[in-house]
Amino acid sequence: MIAVIVVREGQLPAGAAECVAEAGGRAIVIGTEVHSVELSGALTLVEAGPFGPAAYAALLAGRLVDEPVILPASPDGRDLAPRLAALLGWPLLAPALAVGVHSVQVVRQNGRILEEVAVDGPFVATLLPGVRGVGAADSMARDSEPVVARESQPMAAPGREPMAVRGSDARGPSAATPNDPELIALLPPDPSTMSLVEATRIVAGGQGLGSTVRFEQLGRIGAALGASLGGTRVASDAGWIPFERQIGTTGVAVNPRVYLAFAISGATQHTSGLGDPAHIIAVNTDASCPMMAMADIAIVSDAKAVLDALERQLSA
Amino acid sequence: MGRYRYLFSPLRIGPVTVRNRVIFSAHLTNYAEDGLATEQHAAYYEARAAGGAGLIITEEHSTHPTDWPYEKLIHGFHRKVIPGYRRITDAVHRHGTPIFAQINHNGGQASSMYSRLPVWAPSAVPDPLFREVPKAVTVREIAEIVAGYALVAGHCREGGFDGVELQCSHSSIVRGFLSGATNLRRDQYGGSLANRARILIEIVRAVREAIGPGLALGVRLCGDELIEGGTTIDEAVEVAKMVEATGQVDYINTSIGVATATLYVIEASMHVPPGYALFIPNAIRRAVSIPVVGVGRFKDALQAERALAEGHCDLVGAVRAQIADPDFVRKAQAGAHEDTRLCLSCNQECVGRMGLNRWLGCIENPRTGREALVPAVPSRSPVPKKVLVVGAGPAGMQAAISAASHGHEVTVYERDDEVGGQVRWAASVPNRAELGDVLRNQQRELVAHGVKLCLGHGVDAGFVTAQKPDVVIVATGAAPARPYWAPGDASTIVDVLDVLTGSAWPPAGARVVIVDELGFHQATSVAEVLADRGCSVEILTNGMVVAQDLGITLDMENFLTRAAAKSIILTTDSVVMGWNGTHLSVLHHVSNTMHELATDWVVLAVAPRAADELYFELLAQGVTVHRVGDCVAPRRIHAAVIEGDRIGAAL
Amino acid sequence: MPDFEVVVVGAGPAGSIAALSLARLGHSVCLLERGPFPGSKNVYGGVIYGRILDELIPHWWEHAPVQRWITRRGTMLLTDHQSLCIDYRSTAWAQAPYNGATAYRPDFDKWLADEAVKAGATLVSSTTATGLVRTNRGLVGGVKTDREGDLMANVVIACDGVNSFLAKEAGLYPNFSKDHLTLGVKEVLALPRQEIEARFGIRSGTNEGADLEIVGGTQGIAGGGFVYTNLDTISIGAVLSLGGLSASKVRPEEVIAGLKAHPSLAPLVDGAELKEYSAHLIPEGGFDAMPEVVGDGLLVAGDAAGLCLAAGLWLEGVNYAIGSGKCAADAVHEAIAKGNFSKAGLVSYKDRLEATFVLRNHRKTRKAAHLLLSDRLQNRYPQIACDLLEQLYTVEDPLPKRGALTIGRALWKGSGLRIRHALRDGRDALKIYG
Amino acid sequence: MKIAACIKWVALRPDIDPLSGSVETDDRFSGVSAADQAAVEWALRMGEAWGASVTVATVGASIAESALRDALACGATTAIRIDIEHPLPSAAVGRELAAALADADLIVCGDWSLDRGSGSVPPFLAHARGAEQACGLVALSLDATGVVRAERRLDGGRRERLIVRAPAVLAVEGSTARLRRAPLGGVLSSARSSIDVRTPSTPNPAEPVRLVHARPFRPRTKIVDGPHGSVRDRSNALLGMGSTRTPPQRLVLDPEVAAEHILAALHAWGEIDDPASAEGQ
Ligand SMILES: Cc1cc2nc3c(=O)[nH]c(=O)nc-3n(C[C@H](O)[C@H](O)[C@H](O)COP(=O)(O)OP(=O)(O)OC[C@H]3O[C@@H](n4cnc5c(N)ncnc54)[C@H](O)[C@@H]3O)c2cc1C
Ligand SMILES: Cc1cc2nc3c(=O)[nH]c(=O)nc-3n(C[C@H](O)[C@H](O)[C@H](O)COP(=O)(O)OP(=O)(O)OC[C@H]3O[C@@H](n4cnc5c(N)ncnc54)[C@H](O)[C@@H]3O)c2cc1C
Ligand SMILES: Cc1cc2nc3c(=O)[nH]c(=O)nc-3n(C[C@H](O)[C@H](O)[C@H](O)COP(=O)(O)OP(=O)(O)OC[C@H]3O[C@@H](n4cnc5c(N)ncnc54)[C@H](O)[C@@H]3O)c2cc1C
Ligand SMILES: Cc1cc2nc3c(=O)[nH]c(=O)nc-3n(C[C@H](O)[C@H](O)[C@H](O)COP(=O)(O)O)c2cc1C
Ligand code: SF4
Ligand code: SF4
C-alpha cells in the first residue's frame, strides 16, 4: 500500500500522517514546496506545478502499479482520488474509516453505517482525517525504512496540452487531455472565520469584558496576532460572540497551542474544553481565580485597559 | 439526538441490550449487613436506574470464605444472598435497566482480620497495604477458587442478574495471578503470560457454564498497575485478546492501578486530568472487537460523548458522577446540563468514607445512601414559613434549598458579593477549581427553587428582627483564629485565607512557614500557591504526617510528588512555641528538642473559631433561630450540607 | 377561466375527503397543502373512528394504515394518589367494521390524500394559502399562495384546521375568542410491542389496542388526558385550557411528566423512550363557538369550522372533519350544477351538516365544554368518588364497616359542595350523555 | 450553450437501526440534499445569465421524478432520468451522466450525497467527459459565458480561487445558494411535463469489490499512546505532572506594561515575529 499526499506550498493536508501510517510508512508526496514538509516515512517527494486533479492524476498514474493507493479524504485528496481511480481503472473506496490491503471499511449514511468491503487487487481509497491517530508504533515502523528520493517533475502550468498517460482506462473518452481549472489565488486561513477547533492560537474573553464592542476589539487584536476569537458561555449567552465561538463542555472543544484569556474566571466547564495548550496567558483583576491558577503568565490587571494597550501597540 | 451521537445510542453486550452507553460501574458501598445485600443497596441502585443509567454493575460479591478484606462485604458464596439479589434486580428492572453483578476474590489484597483464615494468593508476596504474608495456593485450591466463581455466578443468575463481571483488575486474586509482581509460581499457573492467565480462562469457562448463554459475561482488566514489575499495557492487551479468544466473554471493562498500592489512580481526585486512563481502553479496543468500557473521571456527558466518538471505548463507566447525581444520564439526555449536580472529584464522602468503614455518601448530595429513607421529592410543608438565612456558604445555601423545596419562602443574605464562603477561596488554587462546582450546583438549585438571594448584604441582629421572619437560620461560618504565640498585630503572621484572598501577599523569594494543625487542603494548597509564586515554603505540623487527611481523599501521593517537585519542605512532629519577629521557636516533640526557625512570613492553617455571635444575639432576643455549618463548629463542606439539608425538613 | 372548479385548502381529513368526493363527482379540484406531504405536520391524540368512511371508501379497513384496533376503552378519574377507572372491553370491536383505531396522522392523512389523487384530484404540497382572492363581484374566487401566481377556482373550501386563517380573513369568525381553544400536547413513547400488550392487557400478538381518557391529573389546570396504544409506541397527552395553563405557570410538558409519574399511569409508561413531543390547538368551544361555515364562494369544514368534539368520554375530530368535508363537497356539487357560487348557492352545506351526526352531536353536547372544564367536574367529584371507594375498600377492623351512603354523606358534607350545583350538573350531563 | 444539473434522490431522514445497522427509508422523507438543490439553483442562474437551456438529470428509480419535476417547476428546460433499479457505483453513475449529458457545457452537482458521501461522482463525470472539475465550492460568480470564478474550500480554513471554463463539472456546497421557490404555474405545469427516461448506456461492470457486511457505525479507535518509561514516569505523566509547562508567573502590572509583556512572551514562544509589528504568520 502506498499513500499519496498532495501538498500545497509545503502545507500538509489534514490526515496526511495518518494516511502514511495506514499505508505502513510509504508515500508519494506531490505538490509545491514538497521539500519542506514535516512528515516521516519512506517518502518520494515530487515537486510539481500547482494542484490540478486531472494533471496530477496523469502524473501519478504511471507510478502506481498493482498496489492499493490511499489518500486523505481532505479536499485535494477527495478531488484526486476518483480521477486516479478512473485513470487506473481501479475501484474507488471512499470515504474509508480503515484501509487494509484486502478489506476496507467505508462510511455511509452520513457516518451512521460502516460497510466492510472485501477487495481483490489494487484500489484507490480515501481515509477520513482524524479518525486514526498516529502512535509511537507507527513511527517506529516508518523509521526503520529510509526516507527516499526527492524529484522534481517539470510540469506545465495546469493546462490544456495533452499529456501522455499510462493507464488502462478504456472508457474515458478523453482521458488523455487532462484539463484543470486555472488557479488564480491561494487564500490563507482567516482566523476570524476558521473553525475554532482548527485554531492554533486563540484569544478569548469572558464576562468581564462586558460588551460586543470589546469582543470586536478582541477579534481585531486576535486577527493581528493570527489568533481566532473565542469566549465563555457567559459571552455567548449575552450574544457578544456567536455560539460556535463558545469554548467548553457545552461549546466546542479546542486544542490551541497558545491560549489568551481575558477576564475569564476559568470555570471547569470552560477549561475542560481547552485541550492542552503549551502556553496560557490570563489577564484578570482577580488574582485567585482558577484561570489565573492555570496560566503560565497570570497578569493582574484590568483586561479592558490591557486590550486598549495591546491594540495601540499592535497598530503602532 | 442533538449533540450526542453515540452516548444515547443502544448497544448489544452479548445477550443484553443497553439503551445508552453510560455504566454505573462497580464500587463498594459498605451497605451490606452480615454479608448480605440490603434495602439500602436496592434503593441506591434503583435511584440510578430511574435516573437513566444504561447499565448498572453492582459492587463485588465475594466468591470464597477466604476472601473478607473489609467488614461489609457481600458473601456471594452463601445461598442466603439470593433474596437480597432479587430485591436489587427487581428494583432496577422496574426501570428497564439491566444490572450485572461483579464477582471477586480479593486474594492477597486482604487481611485475615475478619475471616481468621490465612489469606490466599498465587505466591507468598505480602500486599503493600495489608503487609500480610499470604498462603500460596495449591493447584487443588485453585480449582476451589474457580469453583467458587462458578457457584457465585449461579447465585447471581438465580438472583435475577442480567450478567456477571469478573473483577480481575485492581483488587483481585486473578490480578494477582496475572501480575508478574505477585505471581512467582513455577507451575502451570506461573511464568509465561499464558500460564499466568490460565486461572482467568478457567474461571471464564466455569462461569459461562454456570450462567448459560442468556447472561452477559464481562472481565475487568487492569491496564497498568503502576507498580514495579507489575502488569503494563502491553500485557493487558495480550490478556484481553486471550479473553476474547475464549468466545465466551461479551465485553471488557478496564481499570488502572492496584487498589492497595496505587488507589489514587483508580478513584482519581480532581488533581488528575479527566480522561487520564483512556489509553487503556484505547489500546485494548484496538486489539479486540467486543465492546470495551473506559472508566475514570467521567463527570460530564459531553466528555463521555467525545471519548466514544474518538473510539477510545464503546461504553463509559461513570461512577462518582452518578453517586453525586443519580439523574446524571436523564438530565444529560434531556439537555438539562445545568441541573446536573456535578461531582467534584473531592473523594471526601464516597471514597473517603469507604476507607473509614462507613457507608458511602456524597459531600453534596445528602440523599446518597439514604434513598430508602428520604423521598426523592420532598413533601411540602402545610404551613409555609418566612425563612431568613444569613450566610451563603455551602451551609446557608443548602439550608435555603432544603427549606424552599419543602415549600417555605426563603431569603438569603450574604455579606460578600459572591456566594460560597470559604469554599470560594478553597477552590481558587491550582487544580482545585472543581471544588467550586458545589457552589455552582447549589446556586443553580437556589434559583430553581425561587430563593431570593441578596448579595453584598451583611446583616446584624437588628436588621434580622426588623424583617420579622418566622425562622432564622444562621450560617455565618467560621472565622480565622490565632494561637496564643501569634501577636494580634503581627502583620507577617497571616491566615491561609489572607493569602488566598490576596489581602496578604508574601512576595517571590520570601521564606514562608505554614503551620498546619488541620491536616487537610488548607495548608497544602497555600503551600503550592506560594511555592509557585517563588517563595521558599515549609509546612510544619504537629502531626506524624503532613496533611494526613489527604490520604483519605487519595490526594496524598500526588501532593507529595508535586511538593517534592516544588521543593516544599515537609516537617512533622513539630509544635510552635513562640515567635520573636524573625524566628519561630519550634519544639520537636518526639525528641523534646527546641530549635529556632528563621522565616519572613508565617501562614496559619489552624483551627478556626465558629462565627456564632449573631446566633447567640438572636437567641437572646427570643427569635426562633437555628444554626448550621461551621458556625456550629468549624468542620467541612459535608457537615455544612447535611446540616443545611436537615434544617429545611425540620422547620 | 379559473384553474380549477374547486380549490380545497388543507389536506387534512376534511380537505382530502372534500377533494375525493368532488373528484369522484367529476369536478376538477386542487388540494393545497402547506406541508411537504399531507399529514406531515398534523398532530392529534391518536384514535380515529372510521365508520364514516364505510360509504366513501368501501372496506377502508383493509387499506387504511392503522396501528391498532381499539378493543378496550377506559375513562379514568385521577386525584393526587388515587385513580378510579371504568374499563370496558369488547372483542366485537376487533372485527370489521371496527369501532376505532389508532393511526399515525402522517400515514393516515397521506393515505386519504392519495385516495383523493387516485380519484382525480390534483395535490399541490409544500404550498401555503396566504389569502383569499376576490372576484370583481366580491365572491371568493381563489387563493393567494406563498408561491408566485394565484390559484383561481369557483369555490374555495377552507379545511385549513383550527384557527382557520382563511375563514377569519373572510370574516366568518366574528367573535373569535381564545377561550374556545384548548391546547393539546402529546408525547409518543416507544416500548417493545410485547411490552405494550402485556402492560395494557392486550391479547399478545394481536393488533388490538386500548384507549384511556383521563379526567384530573392535570395539575389543577382544567382539561383532561389520554393514553393510546400504537403498535410499538404509546401516545400520552393532555388537553389543557389555555387560560388555566397560563395562570398556572406550569409548562405543558410538565403536565405530561406529571401524568407519566402518576402511580396508576407510571407502570404503563416506565422505561419507555421518548420519540416525539408535539402540541396543537383544539377548537373545543363546541356548538356555540362555531364560526359561520358558508361565505360567498367559500365553505369551511373540519377543525376550521370548529367541528371537534372534546367532551370527556369522547375526543373526536377526524370523523367530524370527514363528515363535514363530505357535506361540503356535496354542497359544492349542487352549487356547480346550479352555477351559483354565492352564499345562497352554497347554503345547502349548513343543512347537510344539520342533517348528519356532525351538527346533531355538537348540538346535543353544546354544554359539555362548560361542564367538563368546571372545577367540580375536574377536581371535586373525582376526589369524592375516589375517597368513597377508598373508604369502602379499606378494612378498618375492629371498627365496624360503614355503608356507602354514610360515607358518601360525610364526604359530601366535608366537600362544601351544594346539592343545587350537583343537580344542575347532573341535568346537564344527562342532556349531553343521556 | 447548454447547462445541466445533476441531482440524486436520497432519504433525508433515513431510519437507521443503531443495533443492526438496517436502513429504512421512507419516500415521504426523501428528496434531494441542500447541495443538490444549490446545484439546480446555480444551473438556473447560469441558464438565465447566459441564455442557455438547463437540463436536470438523475440516475435513479421512478420516485426520483418528483425531484426532477420540482426542478422543472423552478424553470429547468428538460429532465432526464436514467432508470436504474439498484444503486450503481459512483464511477458508473459518472459515466452514465456523462453519456446523457454529452452535449452539456457546464454541469453543476452537489458536493456530496447524503447516503454515500464520497463526493466522487463529479470527478468521475468530469473525467468521463474530459472536462475540468472544481469541487467543494463555497462561492461562485458567473463571468463571461461559460466561465465561472469559484472559491474552493481547502484544509485548515484555507481557500483557493479558480477560473473554470467550459467544458467543466462544478460541485457546490449546500450553503452556496438556496433553490428558488417554484411559481404556482410551474408547479401545476411540471406535474404534466414529460421526463426523458433512458436505460443505462453501458452495462454495469462487475467491480472487484464485495460487500462483506454493513453494520452500525462504530468509531475507529483513535490511537493515543499511553505513558511510558519507569513507574514514576508513567505515574507522573498520568497525574499531569509530566508536561513541560513553564512555571507560572503571577504579575501585577499596568495595562501598558501588561500588553508589552504579552507581546514579548508571544514573541519569545515563536508565535509572532516581532512584538512591535506583529502580523499573524
Ligand atoms: C452544565 C454547564 C455547562 C457549561 N458549559 C460551559 C461552556 O461550555 N463554556 C463556558 O465557557 N462556560 C460553560 N458553563 C458556564 C461556566 O460554569 C461559567 O459560568 C462560565 O465559564 C464563566 O464565564 P466567565 O469566566 O466569562 O465569567 P465569570 O465567571 O463571571 O468570570 C468573569 C471574570 O472576569 C474577571 N473580570 C471582571 N472584570 C474584569 C476586568 N475589567 N479586567 C479583568 N478581569 C475582569 C473577574 O474577576 C472574573 O474572574 C457551563 C455551566 C454549566 C453549569
Ligand atoms: C483554604 C480552605 C480550604 C478548605 N478546603 C476544604 C476541602 O477541601 N473540603 C472541605 O470539605 N472543606 C474545606 N474547607 C472547609 C470548608 O470551606 C468549610 O467547612 C465550609 O465552607 C463551611 O461552610 P459554611 O457555610 O458553614 O460557612 P462559610 O463557608 O464560612 O460561609 C459563611 C458565609 O456567611 C457569610 N456571613 C458571615 N456573617 C454574615 C453576616 N453577618 N451577614 C451576611 N453574611 C454573613 C460569609 O460571608 C460567608 O459567605 C476549607 C476551608 C478553607 C479555608
Ligand atoms: C392533541 C389532540 C388530540 C386529538 N385527538 C383526537 C383523536 O384521538 N381522535 C380524533 O378523531 N380527533 C382528535 N383530535 C382532533 C383532530 O385532530 C382534528 O379534529 C382533525 O385533525 C381535524 O381535521 P381537519 O382536516 O379539519 O384539520 P387538520 O387535520 O388540522 O388539517 C389541516 C390541514 O391544512 C393544512 N393547512 C393549514 N393551513 C394551510 C394553508 N394556509 N395553506 C395550505 N394548507 C394549510 C395543514 O397543514 C393540515 O394538513 C385531536 C386533536 C388534538 C390537537
Ligand atoms: C467508593 C468506590 C469504591 C470502588 N470499589 C470498586 C470495586 O469494588 N470494584 C471495582 O471494580 N471498582 C471499584 N471502584 C472503581 C470504580 O469502578 C471506578 O473505576 C472509579 O470510581 C473511577 O470512575 P469514576 O471517576 O467515574 O468514579 C470503586 C470506586 C469508588 C469511588
Ligand atoms: S485474647 Fe481475645 S479477648 Fe483477650 S485481648 Fe486478645 S482478643 Fe481480646
Ligand atoms: S463525595 Fe465528592 S467525589 Fe464523591 S461523589 Fe460526591 S462530589 Fe463526587
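Letters A, B, ... are given to chains in the order of the sequence lines, protein chains preceding strands, and every chain is numbered from 1.
- The distance from atom CD1 of A:I281 to atom NE2 of D:H261, rounded to the nearest 0.5 Å, is 8.0 Å.
- Considering CH2 of D:W269 and CZ of A:R257, their distance stands at 11.5 Å, rounded to 0.5 Å.
- Atom CG of A:L314 is separated from atom CG of D:L263 by 5.0 Å, given to the nearest 0.5 angstrom.
- In this structure, the side chain of D:D155 engages the main chain of A:A14 through a donor-acceptor pair within 3.5 Å.
- Residue contact with chain A, scored on non-hydrogen atoms closer than 4.5 Å, is absent for D:H228.
- Closest approach of A:P75 to D:R152, counting heavy atoms only: O-NH2, 3.0 Å.
- Note: D:P255 leads D:P18, D:P255, D:A11 in heavy-atom pairs under 4.5 Å with chain A.
- With a 4.5 angstrom heavy-atom cutoff, D:A258 touches chain A via backbone and side-chain atoms both.
- Atom CZ of D:R210 and atom OG of A:S103 lie 9.5 Å apart (nearest 0.5 Å).
- With chain A as the partner, the residue from D:V164, D:V121, D:L211, D:V148 showing the most heavy-atom pairs under 4.5 Å is D:L211.
- Contact of A:L307 with chain D is not made at all, since no heavy-atom distance falls under 4.5 Å.
- Between the CD atom in D:E256 and the CD atom in A:Q313 there is a gap of 5.0 Å [rounded to 0.5 Å].
- The closest donor-acceptor contact from the side chain of D:R159 to the backbone of A:L187 lies at 3.5 Å or more, if one exists at all.
- Note on D:A265, D:G136, D:C135: by heavy-atom pairs under 4.5 Å with chain A, the leading option is D:C135.
- Scanning all heavy atoms of the two residues, the minimum distance from D:L162 to A:I184 falls at N-CG1, 4.1 Å.
- Only the backbone of D:D254 comes within contact range of chain A, judged by heavy atoms closer than 4.5 Å.
- The part of A:D190 that comes within reach of chain D is its backbone (N, CA, C, O), which places non-hydrogen atoms under 4.5 angstrom from that chain.
- Heavy atoms of D:V23 lying under 4.5 Å from chain A belong exclusively to its side chain.
- Only the side chain of A:P53 comes within contact range of chain D, judged by heavy atoms closer than 4.5 Å.
- Remark: side-chain polar atoms of A:R8 are not paired, donor with acceptor, to backbone N or O of D:L154 under 3.5 angstrom.
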(message) What verdict does the side chain to side chain contact (heavy atoms under 4.5 Å, CB included) test give for D:V209 and A:V104, after you've listed the backbone C-alpha separation in whole Å, the side-chain angles of each residue and the deciding distance to 0.1 Å?
(response) CA-CA 10 Å; D:V209 293; A:V104 179; over 6 Å; no

Sequence neighbours excluded and cut-off under 3.5 Å, please list the side-chain donor-acceptor pairs for residues 117-134 of chain A, or say none.
unit_1, atom_1, unit_2, atom_2, d
A:R132, NE, A:E22, OE1, 2.5
A:R132, NH1, A:D138, OD2, 2.7
A:R132, NH2, A:D138, OD1, 3.1

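- For the residue pair D:F124 and A:P82, the shortest heavy atom distance occurs at CE2-O, 3.3 Å.
- A:S74 touches chain D through backbone and side chain together, each having a heavy atom under 4.5 Å away.
- A:V283 touches chain D through its side chain: at least one heavy atom from C-beta onward sits under 4.5 Å away, while N, CA, C and O do not.
- Contact detail for A:E115 and D:A214: the closest heavy-atom pair is CG-CB, 4.0 Å.
- Atom CZ in D:R218 sits 9.5 Å away from atom CD in A:Q105 (nearest 0.5 Å).
- A donor-acceptor contact under 3.5 angstrom links the side chains of D:Q133 and A:R83, judged on distance only.
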Result block: side-chain N/O donor-acceptor pairs under 3.5 angstrom for residues 113-120 of chain D, not counting sequence neighbours:
unit_1, atom_1, unit_2, atom_2, d
D:S113, OG, D:D115, OD1, 3.1
D:S113, OG, D:R116, N, 3.2
D:S113, OG, D:G117, N, 3.2
D:D115, OD1, D:K8, NZ, 3.0
D:D115, OD2, D:K8, NZ, 3.3
D:R116, NE, D:S90, OG, 3.3
D:S118, OG, D:S120, N, 3.3
D:S118, OG, D:S120, OG, 2.8
D:S120, OG, D:S90, OG, 3.3

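- Residue A:E198 comes nearest to D:G157 through the heavy atom pair OE1-N, 3.8 Å, listed as atom of the first residue, atom of the second, then distance.
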